[in-house]
There are 2 protein chains.
Amino acid sequence: MQTGKRRVGRPTTNVLTRDLIMQTSLRLITERGAAGASMRDISRELGVQPSALYNHVSGHEDVIGGVRELVSERIDVSGFGTEPWIAALERWAKSYRLAFAAHPPTIALLAVQPLTEQSRVGTMYDAVCRGLIDAGWPDARVLSLVVALENFILGAALDRAATSEVLRPGVSDSTPSFQRAYAAREASLGEASAADAAFDFGLATMLAGLEAEYAALSQGA
Amino acid sequence: MQTGKRRVGRPTTNVLTRDLIMQTSLRLITERGAAGASMRDISRELGVQPSALYNHVSGHEDVIGGVRELVSERIDVSGFGTEPWIAALERWAKSYRLAFAAHPPTIALLAVQPLTEQSRVGTMYDAVCRGLIDAGWPDARVLSLVVALENFILGAALDRAATSEVLRPGVSDSTPSFQRAYAAREASLGEASAADAAFDFGLATMLAGLEAEYAALSQGA
DNA sequence: GTAGATAAAAGAATCACGTTCATTTAACGT
DNA sequence: ACGTTAAATGAACGTGATTCTTTTATCTAC
């Protein structure tokens, strides 16, 4: 990407773009992990001095925010309006997690930093809210529902990112039940990962709980 | 905490302890946030040079792990064995979240770093697994259940840590449904926080889903 | 008790990070 | 054509974690 050496002063054709910086950062994070996307790393990858980045972004936090935007764009809200609310939620949840799981190291970075005001993420929330309101969920409950599901999704994504044989009981331990459950899960797990199994189980559980609550809601009214 | 100046060489009475370092770190994190607990900060607080810390801990990661242990000790697993499994789970989940929510900035740090092998956290898992196995849950499902709930809990704790009027729709926006849901939630929320509402809603939903699954399990067998 | 090993502190130094500032050069607008 | 703005370099700062050396005290074995 770099042209050997560049002489001081503004170049005839611009080298950087805000978007180019974001794209490169996302790629670096995916390839080398969160630690491999420092401002220096990004600038080196782009054949540029670190200070040059600051002509296009306000700092490292800004970069992280931009990356989050990129990742969030792949969340699928197309189900709302075209499918039953429960199916739309399932689609949304799965794509949400996948969007982050596709770039594991991202999650830790992104989950920590809160959303900035004017992000396209608001559009996603709007689609989800609209679907649920149209389906008959009470206005006051919609956001709690969405946030609860989101909490689960982000937690699961975080788990998937962290998981490299974490959470394994020590051998010859004082934790027999833990060991037993662990062994049984290993045996029943095909080629699926433990994190995937937990996510599928938890999502099914939440959706079942939501359906029950929805049914109770209709009856009460 | 510091005695002005200390001369070179081993002091007559030891200044540091591994445990003292962990306690101090937790306090600093709670008081000043995650960024206020660097090795320098910790050493300054203890009236010591940063390098002195390395006689007792292997590095910053080690400190984080120790803090996690401290926080984890407050998780309540006493319900398993004395209460119905669903009540025990609820107690466990609530205390789990509270343990972290009491030190908001901790979560971001802790959730990121995976568990180290020989932690007392294994004991907690064992208690939970035992309770569920005794209640009749199939061995192979127990860990997925626990991890799924844990994902939700950690996600919720993270949300609570981040939340300071995050996730507010912009005014005069193109997100009417989002705004509507937001306003309705605000109105229905008493003095409870939005994060609490989402957690309570989600936990109730998951527990309801689990009860349904458990019932189906008994019938199938 | 004294000698050698070990432990716990200071202090100096290294390297990476994010960031700022001054400088240089090109592009843009009137 | 000229002043302003934009985009790059290069040098520097402050803070982060960490390591190594040095100094002094404690502990252990004889």
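Values in this document were obtained by computation on a predicted structure and should not be read as measured data. In what follows, chains carry the letters A, B, and so on, assigned in the order in which the sequence lines appear, proteins first and then strands, with residues in each chain numbered from 1.
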Participant: Atom CG of A/Asp41 to atom C1' of C/dT19: distance rounded to whole Å?
Facilitator: 16 Å
Participant: How does protein reach along nucleotides 2-10 of chain D, written 5' to 3' as B (base within reach of a heavy atom under 4.0 Å), S (only sugar-phosphate), or - (no contact)?
Facilitator: ----BBBBB
Participant: Exactly one of A/Leu20, A/Leu53, A/Val57 should register a side chain to side chain contact (heavy atoms under 4.5 Å, CB included) with A/Ile42. Which one does?
Facilitator: A/Leu53
Participant: Send over the distance from B/Ile42 CD1 to D/dT18 C1', rounded to a whole Å.
Facilitator: 14 Å
Participant: Can you tell me if B/Asn151 uses its side chain to pair, donor with acceptor, with the backbone of A/Phe152 under 3.5 Å?
Facilitator: no
Participant: Considering only heavy atoms from C-beta outward, does the side chain of A/Leu145 approach that of A/Arg141 to under 4.5 Å?
Facilitator: no
Participant: Any chance you could measure A/Ile21, atom CD1, to A/Asn55, atom CG, to the nearest 0.5 Å?
Facilitator: 8.5 Å
Participant: Can you check the A/Met39 CE to D/dC13 P distance for me, whole Å?
Facilitator: 20 Å
Participant: Are the side chain of B/Thr175 and the backbone of B/Phe178 linked by a donor-acceptor contact shorter than 3.5 Å?
Facilitator: no
Participant: For A/Ser38 and C/dC17, is the shortest distance between a side-chain N/O and OP1 or OP2 below 4.0 Å?
Facilitator: yes
Participant: Does the Lys NZ or Arg CZ of A/Arg97 fall within the cation-pi geometry relative to A/Phe199 - under 6.0 Å from the ring centre and within 45° of the axis?
Facilitator: yes
Participant: Can you tell me how far C1' of C/dG11 sits from OH of B/Tyr54, to the nearest Å?
Facilitator: 15 Å
Participant: Nearest whole Å is fine: how far is D/dG16 C1' from B/Ile64 CD1?
Facilitator: 13 Å
